[in-house]
Amino acid sequence: MAEVNFVVTGFAPWGSHAPLPNLTINTSWQIANALPRVIFRHGKPDIRILTYQTPIKASWETARKTAPVLWEARKADYGIFVEPNHSETFHIDAMIHLGMDDDPEAPFSLEKMAYKGGFEDSDVDNKTPSEEDLTGGGAWNSCPNLLETDLHVDGILKQVLSTTHDAEIRTSTDPGRYLCAYLYYASLAAVHVRGEMKRDLFVHVPPKSGSQDIGKGVSVISKVIEAIADQLLDSSRGTPSTSRPASDLVSK
């Protein structure tokens, strides 16, 4: 195994119609866009970070349509050059979605789960969720009302806290009922309907946007990514971190 592939996404600003403070920036995208392209690791596979090329529009329709596209892993969608006679797709080992909390004092929150229902507020286009949005265009009819990531979130938190001493980080079982939670459910559902391990995680990040704050965010998210990579590697060696076989988890 040469390296592990992680996809990271962030959101565009909410706009004035959201039931949240009308901020002109979204720190989730600032952090996602500032992450290193590769995390080099001694004695372990390097981690390649592929950030989705643009921030995800804070729209119900956009989030619904984008989630399955992310998991299709088309190189062109991530700005990756497609060489002649080579595959147009790549393998995604894990995916992290970043979203901004509206509380200025909020910690970094590792979200364990997302819910199918409860979405009713207006998005950036002043639109409420349509029937297609609430059912994933019909793709979620067989999905349960609650979907949990298959990653061991408590283990991720423990590893991150062991190496981070200047940031507040927690786990959470309530991602809210706005676009952050909606995208998370849509992403989990996209993998669930394919019968694959739900190897995605949503992280709420603080709204503070100073350069030091963004730098702290980059550091914390990088450590989260490393913790997930280690978990997947443990699984591939037979440690029961997950239930999936190695060939389904890690790039060869």
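Quick note: numbers below take in every heavy atom, side chains included, and nothing from hydrogens, waters or symmetry partners. Just so it is clear, the model here is predicted, and its values are computed rather than measured.
Between D230 and K44 there is a salt bridge, with a side-chain nitrogen of the basic residue lying less than 4.0 Å from a carboxylate oxygen of the acidic one. With respect to the salt-bridge test (charged N to carboxylate O, under 4.0 angstrom), the residues R48 and E3 qualify. For E226 and R41, the salt-bridge test passes: some basic side-chain N is under 4.0 Å from an acidic carboxylate O.
In the model, R170 has a side-chain atom that pairs as donor or acceptor with a side-chain atom of S109 under 3.5 Å. Between S28 and N26, the side chains place a donor N or O and an acceptor N or O closer than 3.5 Å (distance only, hydrogens not considered). Judged purely by distance below 3.5 Å, without hydrogens or angles, the side chains of H91 and D93 pair a donor atom with an acceptor atom. Side-chain contact, H204 with E111: a donor N or O sits under 3.5 Å from an acceptor N or O.
The aromatic rings of Y184 and F202 sit tilted, their planes meeting at an angle between 30° and 60°.
Of all heavy-atom pairs between L233 and P45, the closest is CD1-CD, 3.8 Å. Taking each heavy atom of A114 and P175 in turn, the nearest pair found is CA-CG, 4.1 Å. The two residues G99 and C180 have their closest heavy-atom pair at CA-SG, 3.7 Å. Between P129 and L134, the closest heavy-atom pair is CB-CD2, 3.7 Å. Across all non-hydrogen atoms, the minimal contact from S187 to M95 is OG-SD, 4.0 Å. The shortest non-hydrogen separation linking I47 to A229 is CD1-CB, 3.7 Å.
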Could you walk me through whether T51 and T9 pass side-chain contact (heavy atoms from CB on, under 4.5 Å), step by step? CA-CA 6 Å; T51 303; T9 71; over 6 Å; no
From CA spacing to verdict: side-chain contact (heavy atoms from CB on, under 4.5 Å), L201, V203: CA-CA 7 Å; L201 180 70; V203 183; 4.0 Å; yes
Using side-chain contact (heavy atoms from CB on, under 4.5 Å), reason through I39 and D46 one step at a time and then give a plain yes or no. CA-CA 6 Å; I39 298 177; D46 296 332; over 6 Å; no
May I have the step-by-step check of side-chain contact (heavy atoms from CB on, under 4.5 Å) for I156 and I228, ending in yes or no? CA-CA 6 Å; I156 295 168; I228 294 173; 3.5 Å; yes
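Counted within 6.0 Å of CD on E168, heavy atoms from surrounding residues, nucleotides or ligands total 12 or fewer; the atom is thus considered open.
Side-chain heavy atoms closer than 4.5 Å link hydrophobic residues (I, L, V, M, F, W, Y) into clusters, and following such links, even through other members, never connects V124 to I25. Cluster annotation: V82 and L70 are assigned to distinct hydrophobic clusters (Ile/Leu/Val/Met/Phe/Trp/Tyr, side-chain heavy-atom contacts under 4.5 Å, transitive). No continuous path of hydrophobic side-chain contacts links M113 to V191 [ILVMFWY only; heavy atoms under 4.5 Å]. A single hydrophobic cluster is not seen to contain both V193 and W71; linkage of ILVMFWY side chains at heavy-atom distances under 4.5 Å, directly or through other members, places them apart.
A side chain to side chain donor-acceptor pair (under 3.5 Å) with E196 is found for one member of R194, K198, H192 and no other, namely R194.
The ring pair (Phe, Tyr, Trp, His ring centres under 6.0 Å) analysis of residues 212-234, with sequence neighbours excluded, yields no pairs. The side-chain hydrogen bond (donor to acceptor under 3.5 Å, both in side chains) analysis of residues 29-40, with sequence neighbours excluded, yields no pairs. Residue pairs meeting the ring pair (Phe, Tyr, Trp, His ring centres under 6.0 Å) criterion with at least one partner in residues 92-117, sequence neighbours excluded, are absent.
Here Y52 and Y78 bring their ring centres to under 6.0 angstrom of each other.
Within the 3.5 Å criterion, the main-chain N or O of Y182 finds no donor-acceptor partner in the side chain of K116. Looking only at distances, no side-chain donor or acceptor of R74 sits under 3.5 Å from a matching main-chain atom of E72. Side chain of Y185 to main chain of G117: no donor-acceptor pair is present (N/O by atom type, distance under 3.5 Å, no hydrogens or angles).
Residue L110 holds its CG atom at 9.0 Å from CD1 of I96, rounded to the nearest 0.5 Å. The line from CE of M100 to OG of S209 is 8.5 Å long, rounded to the nearest 0.5 Å. Atom CD1 of I49 sits about 10.5 Å away from atom CG of N5, to the nearest 0.5 Å. Here the OG1-CG distance, from T135 to N141, works out to 6.0 Å after rounding to the nearest 0.5 Å. Separating the CZ atom in F6 from the CD1 atom in I225 is a distance of 6.0 Å, to the nearest 0.5 Å. The NZ atom of K112 sits 8.5 Å away from the CG atom of L157 when rounded to the nearest 0.5 Å.
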Would you list the atom pairs, donor with acceptor, under 3.5 Å between side chains in residues 212-224 and any protein atom, with sequence neighbours excluded?
| residue | atom | partner | partner atom | Å |
| --- | --- | --- | --- | --- |
| D213 | OD2 | G210 | N | 3.2 |
| K216 | NZ | D166 | O | 2.9 |
| S222 | OG | V218 | O | 2.7 |

Show me the donor-acceptor pairs within less than 3.5 Å that the side chains of residues 54-64 make with the rest of the protein, sequence neighbours left out.
| residue | atom | partner | partner atom | Å |
| --- | --- | --- | --- | --- |
| K57 | NZ | D125 | OD1 | 3.4 |
| K57 | NZ | D125 | OD2 | 3.0 |
| S59 | OG | E61 | N | 3.3 |
| S59 | OG | T62 | N | 3.1 |
| S59 | OG | T62 | OG1 | 3.2 |
| W60 | NE1 | D121 | O | 2.9 |
| W60 | NE1 | K127 | O | 3.3 |
| E61 | OE2 | K65 | NZ | 2.7 |
| R64 | NE | D133 | OD1 | 2.7 |
| R64 | NH2 | D133 | OD1 | 3.3 |

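Taking the side chain as every heavy atom from C-beta outward, T173 and E148 never approach each other to under 4.5 Å. Using a 4.5 Å heavy-atom threshold, the side chains of S122 and T128 count as touching.
Not counting sequence neighbours, F11 has no partner by the ring-ring contact (aromatic ring centres under 6.0 Å, His included) test.
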